2 protein chains.
Amino acid sequence: MDRLFHALADATRRDILRRSVDGELSVSRLAADYPMSFAAVQKHVAVLEQVGLVTKVRRGRELLVRSEPEALRRAREALDQLEEAWRGRIQRMSALLDED
Amino acid sequence: MDRLFHALADATRRDILRRSVDGELSVSRLAADYPMSFAAVQKHVAVLEQVGLVTKVRRGRELLVRSEPEALRRAREALDQLEEAWRGRIQRMSALLDED
DNA sequence: CTAACCTACAACCAAATGGTTGTATCAACT
DNA sequence: AGTTGATACAACCATTTGGTTGTAGGTTAG
């Protein structure tokens, strides 16, 4: 979970995720739009891949990057769990008020 | 947003968040339960505070830590936005299939 | 008032992060 | 076969991170 949130804690990586929804962009095509070297973008994609946020599929001599919603869902559930603890507090407060 | 996700990318910080829902635990009380120095926990709380995930309220000589659901909601919305792009893709695929 | 407790903050250190360049591999086009 | 394009990966560097210890400032209890 640490690594999942870490992967999301970078604007470039989140942008890559957004653009990879259709899975039709190669690493070099993605890299062309960022103000950094190809290798740097390659590393960002690797970080996303290691936590399962994207997968790569070969097409000819390029690798297409596709974002995977599964991992995204895992992150959302972790946030939901945190929020749920908070909702539980609201309920306890309501219960207290109802006792009056 | 980078710093928000970064703050969430640490198990100790997420645990502090969970335990601070009721806002009744002081920094030192929190710190007592982690295998690290008081100063280290203090730093974790500071990270959470800087992105608005918790606030501190004085009670006597201690500072009570309370988690703030607002910031959590911001993170969730960012994830929702990413997932929405993906749902849009599903819809486009469905539309294509319907054309047949 | 003094001692004890809670917090803040600085200085320091090892390890990880995010970037670079350079080299190697591998597929495809002519 | 040789060249070009796309990717992988290592080595290196500056900065940040996550931890430590030590010092100092307030606040409460006795």
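Owing to the predicted nature of the structure, the values given are computational and were not obtained by experimental measurement. Lettering of chains follows the sequences in order, A, B, ..., and the numbering in each one begins at 1.
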How is the hydrophobic cluster of M93(B) composed, in terms of its other members, when Ile, Leu, Val, Met, Phe, Trp and Tyr link through side-chain heavy atoms under 4.5 Å apart, directly or indirectly? none
Side chain proximity check, L64(B) to S26(B), heavy atoms < 4.5 angstrom: yes
Within the structure provided, determine whether L8(B) and L8(A) are in side-chain contact (heavy-atom separation under 4.5 Å). no
Can you give the donor-acceptor pairs under 3.5 Å from side chains of residues 77-91 of chain A to other protein atoms, not counting sequence neighbours?
from: E77(A); atom 1: OE2; to: R73(A); atom 2: NH1; distance (Å): 2.6
from: D80(A); atom 1: OD1; to: R76(B); atom 2: NH1; distance (Å): 2.6
from: E83(A); atom 1: OE2; to: R76(B); atom 2: NE; distance (Å): 3.4

Between dT7(C) atom P and E49(B) atom CD, what is the distance in whole Å? 12 Å
If a protein heavy atom is under 4.0 Å from the base, mark B; if only from the sugar-phosphate, S; if neither, -; do that for nucleotides 17-23 of chain C going 5' to 3'. SSBBB--
Rounded interatomic separation in angstrom, taking NZ from K56(B) and C1' from dC6(C): 11 Å
Joint cluster assignment, V54(A) & V51(A), ILVMFWY side-chain distance < 4.5 Å: yes
State whether the number of non-hydrogen atoms from other residues, nucleotides or ligands found under 6.0 Å of R29(B) atom CZ is greater than 12. no
Could you list the cluster mates of V47(B)? Members are the ILVMFWY residues connected by side-chain heavy atoms closer than 4.5 Å, either directly or through other members. none
Using side-chain contact (heavy atoms from CB on, under 4.5 Å) as the criterion, list what pairs up with A95(B), not counting sequence neighbours. none
Can you pull every protein N or O that's under 3.5 Å from an N or O on nucleotides 25-30 of chain C?
none

Roughly, in whole Å, what's the span from CG in D2(B) to C1' in dT17(D)? 15 Å
Could you go through nucleotides 13-15 of chain D and list every protein N or O atom that sits under 3.5 Å from one of its N or O atoms, giving the distance for each pair?
none

Checking dA8(D), dC9(C), dA6(D) against the side chain of E62(A) (C-beta onward), the nearest is dA6(D)
Through what angle, rounded to 10 degrees, does the axis of the helix from dC1(C)-dG30(D) to dT30(C)-dA1(D) turn between its ends, using five pairs per end? 20°
Hey, can you pull the donor-acceptor pairs under 3.5 Å for the side chains in residues 34-44 of chain A, sequence neighbours left out?
from: Y34(A); atom 1: OH; to: D15(A); atom 2: OD2; distance (Å): 2.6
from: Y34(A); atom 1: OH; to: R19(A); atom 2: NH1; distance (Å): 3.3
from: S37(A); atom 1: OG; to: A40(A); atom 2: N; distance (Å): 3.2
from: H44(A); atom 1: ND1; to: R13(A); atom 2: NH1; distance (Å): 3.1

Once salt bridge (charged side-chain N to carboxylate O under 4.0 Å, His left out) is applied, what residue pairs with a partner in residues 44-57 of chain B remain, sequence neighbours excluded? E49(B)-K56(B)
So, OP1 or OP2 of dT7(C): does either fall under 4.0 Å of a side-chain N or O from S28(B)? yes
Length of the CG-P vector between L63(A) and dG5(D), whole Å: 17 Å
Quick check on the hydrophobic clustering: are I16(B) and V21(B) connected, directly or via other members, by side-chain heavy-atom contacts under 4.5 Å? no
With sequence neighbours excluded, residues passing salt bridge (charged side-chain N to carboxylate O under 4.0 Å, His left out) with R61(A): none
By side-chain hydrogen bond (donor to acceptor under 3.5 Å, both in side chains) - contacts of R66(B) (at least two apart): none
